[in-house]
Amino acid sequence: MSNLKLLLRYVIYIVSIPLIILGGIDLFANHPEVQLAFWVPGLLLIAYCLIRDDLYHRFRISKGR
C-alpha cells in the first residue's frame, strides 16, 4: 500500500510542476500586468520545498534515522 501511495505522490509531482510552469508562462503571455517577478518564483520555490522535504524525510527513514 505504501508503494502505491509513493507512486501517486510522484505522479502528482510530475504533473503539478509542469502545470505550474505552463500556468506561469500563460499568465505572463496573457496578463503581463501581473507581477511575475514575485508570483512564479514564489510558486516554484514552494513546490521545490515541498518535494525536497518529502524526499529528504523518506531518505532519512530509509537509512533508519
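Linking ILVMFWY side-chain heavy atoms closer than 4.5 Å, directly or via other members, places Val11 and Leu19 in a single hydrophobic cluster.
With sequence neighbours left out, Asp26 forms a side-chain hydrogen bond (donor to acceptor under 3.5 Å, both in side chains) with Asn30. Judged as a side chain to side chain contact (heavy atoms under 4.5 Å, CB included), and not counting sequence neighbours, the contacts of Ile21 are Ile17, Ile25, Leu44.
Annotation: the span from Ile51 atom CD1 to Ile12 atom CD1 amounts to 11.0 Å, rounded to 0.5 Å.
Counting only residues at least two apart or on different chains, the side-chain hydrogen bond (donor to acceptor under 3.5 Å, both in side chains) pairs with a member in residues 11-20 are Tyr13-Asp54.
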